[in-house]
Amino acid sequence: MTTSIRGSQLARLLGRWHALPGRHRSPDYAALAATVRGLLADGRLPLGVRLPAERELAGSIGVSRTTVSAAYRTLRETGHLTSRRGAGSWTTLPRGHRVATSGLWAAGDDVDMIDLGVAASAAPPELVPAARAAADDLPRYLGSAGYHPTGLVELREAVAAGYTARGVATSAEQILITAGTQQALDLVLRLCVPAGSPVLVEAPTYPNALAALSARRARISTHGLDAATGWDGEMLLGALRQTRPRLAYVIPEFHNPTGHLMDTALRERLVATAHTTGTELIADESFVDLSLTGDPMPPPVAVFDRHSRVVSIGGMSKGYWGGLRIGWVRASAPLVQRLAAIRVGVDMASPVLEQLVAVRLLENSRAIVTARRAELCERREALMAALRVRLPEWRFAVPAGGVTLWTELDGPISSALARAAEDVGVRLAPGPRFGLDGTLERFLRLPFTLPPEDLAEAVRRIAGVRHDLESVARPVWRSTAVIA
Ligand SMILES: Cc1ncc(COP(=O)(O)O)c(C=O)c1O
């Protein structure tokens with residue numbers, strides 16, 4: 001099946017293409033072609049997608065058909081488009097190029113690449129012993145068919161106990177085990193977000209949440225987080241009151257990508273406001289285990305929920321290992337049953353063995369998570385030290401937890417930098433991947449999940465290409481934007 005993109009959709013992706021930073025005398029068709037190349041390079045426009053017909057796109061972005069025609073011709077010449085008469089034009093990459101910077105948001109297979117595109121750690125040493133112990137536990141389940149759509153009771157109990165320990169009484173019936181937090185999100189969206197529903201998310205936010213929302217055809221609006229200070233309570237609650245979304249998706253603990261932690265007061269007000277606006281609230285707690293300060297944590301958002309408005313999702317990918325693919329939903333028991341019914345139509349149930357491994361890991365959670373935090377502290381220091389030496393003009397707030405440094409660059413260069421870094425063996429997640437509209441070019445998410453020496457080497461290479469970018473782009477940065 002061919003996928004295609006409509007003119008209005010491409011127009012949305014193109015955003016303010018005609019006002020590219022540093023654009024002066026380049027004609028419209030060249031700016032349009034450059035923006036399409038940028039979208040392809042940072043993965044927001046997939047490969048193999050049929051672009052709209054010239055006339056349709058011209059109508060959608062308000063330019064002449066000749067301009068679109070010339071842009072498409074340029075893209076064909078550079079190898080970014082292949083056309084067949086009468087059939088259309090498909091996105092491609094020039095020969096010899098790989099898909100840059102996580103066109104797929106996934107770990108790369110290239111062993112020489114330093115992958116800073118993925119914000120997750122390698123498995124802890126306890127994983128193999130846990131897997132061996134789980135294999136010994138397996139015979140208990142082998143006498144049944146092995147399908148448990150809500151999850152194994154013992155794992156549900158362990159997860160529920162974790163919530164209870166954090167201050168929100170939870171029973172096993174309120175837990176649904178899923179294939180990672182991502183599936184938890186997808187299932188909740190399937191249930192709660194009919195196509196076309198308004199949904200509020202943070203900007204920046206986790207890119208695969210945006211992907212899951214797009215798949216449900218949600219109408220997404222955003223609340224902007226400040227890189228230095230995080231949520232602006234008044235703005236967030238104001239956005240809720242104004243847009244009265246069907247659902248709001250937030251990452252209150254060590255937000256991906258900014259690392260901010262939502263304070264207790266805002267949690268309480270958020271839940272109260274969501275109730276008045278009739279909004280379901282998804283709290284994505286992916287990073288809740290990873291405080292790097294030792295300070296007491298605010299209570300889970302669900303603590304303030306008196307009307308079953310809050311659905312919490314979380315998982316073991318960040319504190320333990322992403323390869324386990326174990327996540328969960330915490331919701332009311334009836335909602336869990338409804339989600340399980342949907343889940344049967346997706347993948348029936350989670351694998352029994354992996355769930356048993358998860359049980360074993362959770363038995364040992366204190367030791368595993370303590371070691372993970374210590375490792376992350378050391379790596380965060382290594383990354384910050386390397387940046388301060390090699391790229392002193394870049395700015396970041398020191399995150400109190402999580403695994404990422406949301407770095408403000410010295411110009412709107414994130415996508416260009418990611419493309420250049422790919423050539424020197426560093427995969428980066430440029431700022432625009434964390435937003436909707438092609439903004440956030442001044443930001444770069446740098447995870448500190450790799451060993452210190454890899455982080456230092458990655459920063460050394462990034463600083464090198466940053467310097468080259470500078471010499472190529474100098475006329476652009478020198479120009480003044482305001483004439484008064
Ligand atoms: C905020 C957030 N939610 C969900 C996920 C997906 O996690 P999982 O591997 O548990 O599906 C991630 C992974 O990066 C994440 O950062």
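Quick caveat, the model's predicted, so the values are computed rather than measured. For reference, positions follow the sequence shown, starting with 1. Counting starts at 1 for both ligands and their atoms, in listed order.
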Ignoring angles and geometry beyond distance, decide whether Ser317 reaches within less than 3.5 Å of ligand 1 through its nitrogen or oxygen atoms.
yes
Go through ligand 1 atom by atom and flag the ones less than 4.0 Å from a non-hydrogen atom of [X].
X      : value
Ile251 : 1 (C)
Gly180 : 10 (O), 11 (O)
Asn256 : 15 (C), 16 (O)
Ser286 : 1 (C), 2 (C), 3 (N), 4 (C), 5 (C), 15 (C)

Using non-hydrogen atoms of the residue, decide whether [X] is closer than 4.0 angstrom to ligand 1.
X      : answer
Gly315 : no
Gln183 : no
Arg325 : yes

For atom 7 (O) of ligand 1, tell me which residue out of Val250, Thr205, Thr181 has the closest non-hydrogen atom.
Thr181
Atom 4 (C) of ligand 1: of Tyr206, Tyr320, Phe287, the nearest heavy atom sits on Tyr206
How are the rings of Phe443 and Trp406 set to each other: parallel, tilted or perpendicular (split at 30° and 60°)?
parallel
Taking the inter-plane angle between the rings of His275 and His307 on a 0 to 90° scale, is it parallel (under 30°), tilted (30 to 60°) or perpendicular (over 60°)?
parallel
Heavy-atom distances under 4.0 Å are what count here, so tell me which part of Lys318 touches ligand 1: side chain, backbone, both or neither.
side chain
Strictly by modelled atom types, are Arg445 and Thr407 linked by a side-chain donor-acceptor pair under 3.5 Å?
no
Quick check: closest heavy atoms across Ala429 and Leu444, and the distance to 0.1 Å?
O-CD1, 3.5 Å
Closest approach of Pro447 to Leu455 (non-hydrogen atoms, all atoms of both residues)
O-CD2, 3.7 Å
Exam field: side chain Arg343 to backbone Thr150, donor-acceptor pair closer than 3.5 Å
no
Any donor-acceptor N/O pair, Glu441 side chain to Ser415 backbone, under 3.5 Å
yes
Check Leu189, Thr205, Val193 against Tyr249 for a side-chain contact (heavy atoms from CB on, under 4.5 Å) and give me the one that passes.
Thr205
